[in-house]
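Please read the structure below before turning to the comments.
These numbers come from a predicted model, not from an experiment. Each chain gets a letter, A, B and so on, in the order its sequence line appears, and its residues count up from 1.
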Protein chains: 2
Amino acid sequence: MTLKELAKELNLSFSTVSKALRDSHEISIETKNRVLAKAKALNYQVNPLASSLRKQKSKTIAVVIPEVVNDFFGPVINGIESIAQEKEYHVLIYLTHEDMQKEVAITKLLQNGRVDGIMMSLSEQTSGTAHLEALQEKGIPLVFFDRIAEQMDAPKVTTDDYNCGIKATEHLLENGCKRIAFLTIAPNLSISNKRMNGYLDALKKHNIMQDEGLILYCTGDDHKNNELIRSLFSSPKRPDGVFASVEKLAISTYAVCEELNLQIPEDLKVICFSNMQTAAFLNPSLSTITQPAYEIGREAAAILFDLVEKKGQRGRIEKRVLNSTLVERNSTKGR
Amino acid sequence: MTLKELAKELNLSFSTVSKALRDSHEISIETKNRVLAKAKALNYQVNPLASSLRKQKSKTIAVVIPEVVNDFFGPVINGIESIAQEKEYHVLIYLTHEDMQKEVAITKLLQNGRVDGIMMSLSEQTSGTAHLEALQEKGIPLVFFDRIAEQMDAPKVTTDDYNCGIKATEHLLENGCKRIAFLTIAPNLSISNKRMNGYLDALKKHNIMQDEGLILYCTGDDHKNNELIRSLFSSPKRPDGVFASVEKLAISTYAVCEELNLQIPEDLKVICFSNMQTAAFLNPSLSTITQPAYEIGREAAAILFDLVEKKGQRGRIEKRVLNSTLVERNSTKGR
DNA sequence: GGGCACTGCTACAACGTTGTCGCAAATAAA
DNA sequence: TTTATTTGCGACAACGTTGTAGCAGTGCCC
């Protein structure tokens with residue numbers, strides 16, 4: 001069913017039909033009704049490709065994230081989708097799998113009209129920003145969330161990572177920890193960086209000597225991470241507290257503790273940035289810093305759509321910081 | 001950067017440039033190289049909208065699922081994306097939030113060239129199939145996975161739900177359960193139906209009287225579900241085993257047990273269909289039927305792409321059943 | 001009754017591609 | 001030399017829309 005076929009059925013020119021469908025004032029009410037009725041009867045739907053090409057608007061956005069099997073990015077997508085559905089936009093999903101090469105390849109695909117805007121959370125590996133600037137040069141609105149490109153001139157939605165880094169560390173200190181390990185991935189990632197600075201500054205504030213050996217730089221490889229953690233936990237200078245900057249490192253910690261027969265929280269207290277739904281039911285229940293993932297998605301999407309639709313008021317907001325909350329559970333229980 | 005602009009730069013007609021870029025045999029090697037070099041220099045990218053319109057292929061598929069914050073659908077998307085990336089297809093995500101009206105609205109959006117094919121897992125509420133047949137009538141390939149439309153003539157990828165229903169029930173029986181409750185959502189959903197039949201047949205096989213009161217029909221509302229479960233668990237004819245047909249009902253079960261101070265597995269054993277990554281670290285660790293979610297995604301995507309690309313060999317496979325595995329953990333430990 | 005403004009429609013040129021056809025020039029065959 | 005055949009390129013018509021410009025016909029005013 002195309003416009004032309006529909007027009008032929010109605011004995012009208014196809015431009016008349018097009019206008020009638022879009023409720024143009026140039027068309028009489030009777031004609032409009034006739035067209036609308038016929039369109040419904042024949043189940044006519046405009047061809048979005050043709051329409052987008054003509055209007056130079058795709059009504060589509062891209063969401064580029066490291067992974068989707070993740071208690072943080074899942075709700076973020078949910079938030080994005082809730083706004084997209086409202087605004088009648090379509091959502092393309094791209095996964096980088098923490099691989100910068102893939103991230104670059106994906107940005108290439110998005111350079112030419114496929115999308116009206118992009119939301120992004122950077123991959124672990126990402127260092128340069130040339131591929132991101134290329135998008136901006138093409139005039140494609142770009143909004144970062146969570147793992148942002150600090151140095152770029154674009155709206156960013158994050159949580160208060162630095163403060164939470166302090167809060168989490170102090171929470172462990174208050175519960176009696178003396179030697180707190182910090183588990184992180186990709187230190188060049190904005191979130192890792194800020195969370196670690198919170199950790200370091202909290203130690204400084206409480207006059208605790210920082211021990212470089214207590215900072216573990218983990219990777220995307222779970223096996224290797226477990227090994228790193230195992231060797232730290234087996235060493236004589238074993239920590240009595242662990243602050244994991246991402247969810248999966250807490251899971252690794254739990255796994256290694258089980259293996260080495262270390263009791264949480266007696267031998268080791270654990271806190272972690274996490275949006276795990278089942279944190280309360282873990283053994284022991286896991287204390288977390290929980291990010292408002294859904295709201296991050298909604299907020300970032302709202303900013304992007306305002307930018308796309310050039311209302312521009314919101315686009316001025318260069319940076320929006322939402323607050324995470326510390327949820328205290330048994331894994332950090334003091335003696 | 002459009003083809004025409006590029007052609008002007010090169011002093012060639014734009015059709016020549018177009019052909020050169022697609023490595024047509026009609027163009028001399030020198031010209032091709034000249035074009036390719038210039039295209040790279042000017043960072044030319046074909047406009048996918050125009051190309052799709054012309055070729056009547058969007059190189060895009062849609063994935064329509066109930067939700068994304070979910071340990072099953074997450075890995076499925078991963079599997080789908082892995083194949084899509086290989087085949088250079090783009091992936092649109094649509095969430096129904098278990099709402100049939102939304103599912104219908106989404107299918108309307110997909111009727112006219114936006115996508116070359118669709119992968120779907122039905123919403124809880126979905127009853128009719130008119131909206132799905134409409135897609136087929138438009139000639140859009142459609143593949144179902146997990147929550148399939150039994151009666152439709154389309155490829156389907158599922159797991160051995162019926163067998164696993166039997167296995168899970170028998171596992172509880174073997175561990176000493178006498179009164180096994182079955183927790184389900186939306187009984188008209190293919191998976192619920194088959195899992196329940198497995199449960200019922202297992203009881204029959206072991207000569208156990210079925211008690212209608214032990215079957216709980218839950219909804220999308222977690223609060224209400226908790227209430228239903230609470231009242232079942234508080235009743236004098238409390239079950240000593242629970243078989244939850246979907247993940248979230250196991251979480252509700254854990255929550256209610258904590259509330260009522262019921263010990264798992266002593267007072268009550270629990271097994272559940274679930275792909276939770278942290279099942280092993282729950283308190284107690286949760287026995288699960290784990291579905292090969294990633295493979296389901298890959299398999300369904302592979303079938304869809306074969307259909308889209310009309311190779312048709314695989315499209316003949318009307319139904320593909322992958323095996324889930326029962327993972328025994330502490331929540332079903334016998335006395 | 002000539003000029004003027006509406007009303008309601010049609011024609012047509014984009015949007016950026018792709019693929020068919022045609023056509024010179026160069027080469028090969030007769 | 002003449003006639004086929006090939007090679008390399010350009011013209012052009014789609015794909016299905018949207019928006020601008022044009023153009024009849026009607027009604028209105030001075």
Nearest-Å distance, [atom1] ([X]) to [atom2] ([N])?
X	N	atom1	atom2	answer
Leu10(B)	dG8(D)	CG	P	18 Å
Asn112(B)	dC15(D)	CG	C1'	12 Å
Leu6(A)	dT10(C)	CG	C1'	16 Å
Lys55(B)	dT17(C)	NZ	P	11 Å
Ile27(A)	dG8(C)	CD1	C1'	6 Å
Arg114(A)	dC15(C)	CZ	P	20 Å
Met1(B)	dC15(C)	CE	P	14 Å
Leu53(B)	dA14(C)	CG	P	17 Å

Would you say [X] reaches [N]'s phosphate, i.e. side-chain N/O to OP1/OP2 under 4.0 Å?
X	N	result
Thr16(B)	dC9(D)	no
Gln56(A)	dA14(C)	no
Arg22(A)	dG19(D)	yes
Ser51(A)	dT17(D)	no
Ser18(A)	dG16(D)	no
Thr2(A)	dC15(D)	no

For [X], give me all partners under side chain to side chain contact (heavy atoms under 4.5 Å, CB included), at least two apart in sequence or on another chain.
X	result
Thr16(A)	Leu12(A), Ser13(A), Ile27(A), Thr31(A)
Ser18(B)	Leu3(B), Arg22(B)
Gln45(A)	Asn43(A), Lys108(B), Gln111(B), Asn112(B)

*With nearest nucleotides of DNA chain D determined for Thr31(B) and Ala50(B) from heavy-atom distances, which residue corresponds to the more 5′ nucleotide?*
Thr31(B)

*Mind checking whether His90(B) and Tyr94(A) have parallel, tilted or perpendicular rings, split at 30° and 60°?*
perpendicular

*Kindly point out which of dG19(D), dG8(C), dC12(D) is positioned nearest to the side chain of Phe14(B)?*
dC12(D)

*What does Leu12(B) touch in the nucleic acid at a heavy-atom separation under 4.0 angstrom: a base, only the sugar-phosphate, or nothing?*
sugar-phosphate

_What I want to find out is whether Lys87(B) reaches Glu309(B) closely enough, with some N-O distance under 4.0 Å, to be called a salt bridge._
yes

_With ring-ring contact (aromatic ring centres under 6.0 Å, His included) as the rule and sequence neighbours excluded, what pairs involving residues 110-151 of chain A come up?_
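As it turns out, there is no ring-ring contact (aromatic ring centres under 6.0 Å, His included) pair with a partner in residues 110-151 of chain A once direct neighbours are skipped.
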
*In chain order, what residues pass the side chain to side chain donor-acceptor pair (under 3.5 Å) check against Lys59(A), with sequence neighbours excluded?*
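Expected list: none.
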
*For Arg147(A), check salt bridge (charged side-chain N to carboxylate O under 4.0 Å, His left out) against everything at least two apart and list the hits.*
Glu98(A)

*For DNA chain D, determine which residues of residues 32-45 of chain A have any heavy atom closer than 4.0 angstrom to one of its atoms, and list them numerically.*
Tyr44(A), Gln45(A)

Expected rows: protein N/O vs nucleotides 20-27 of chain D N/O, under 3.5 Å:
unit_1, atom_1, unit_2, atom_2, d
dT20(D), O4, Lys19(A), NZ, 2.9

_Looking at Glu88(A), I'd like to know if its CD atom is crowded, meaning that more than 12 non-hydrogen atoms belonging to other residues, nucleotides or ligands lie closer than 6.0 Å._
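Result for CD/Glu88(A): open.
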
*Taking only residues at least two apart or on different chains, which pairs with a member in residues 70-86 of chain A satisfy salt bridge (charged side-chain N to carboxylate O under 4.0 Å, His left out)?*
Glu86(A)-Arg298(A)

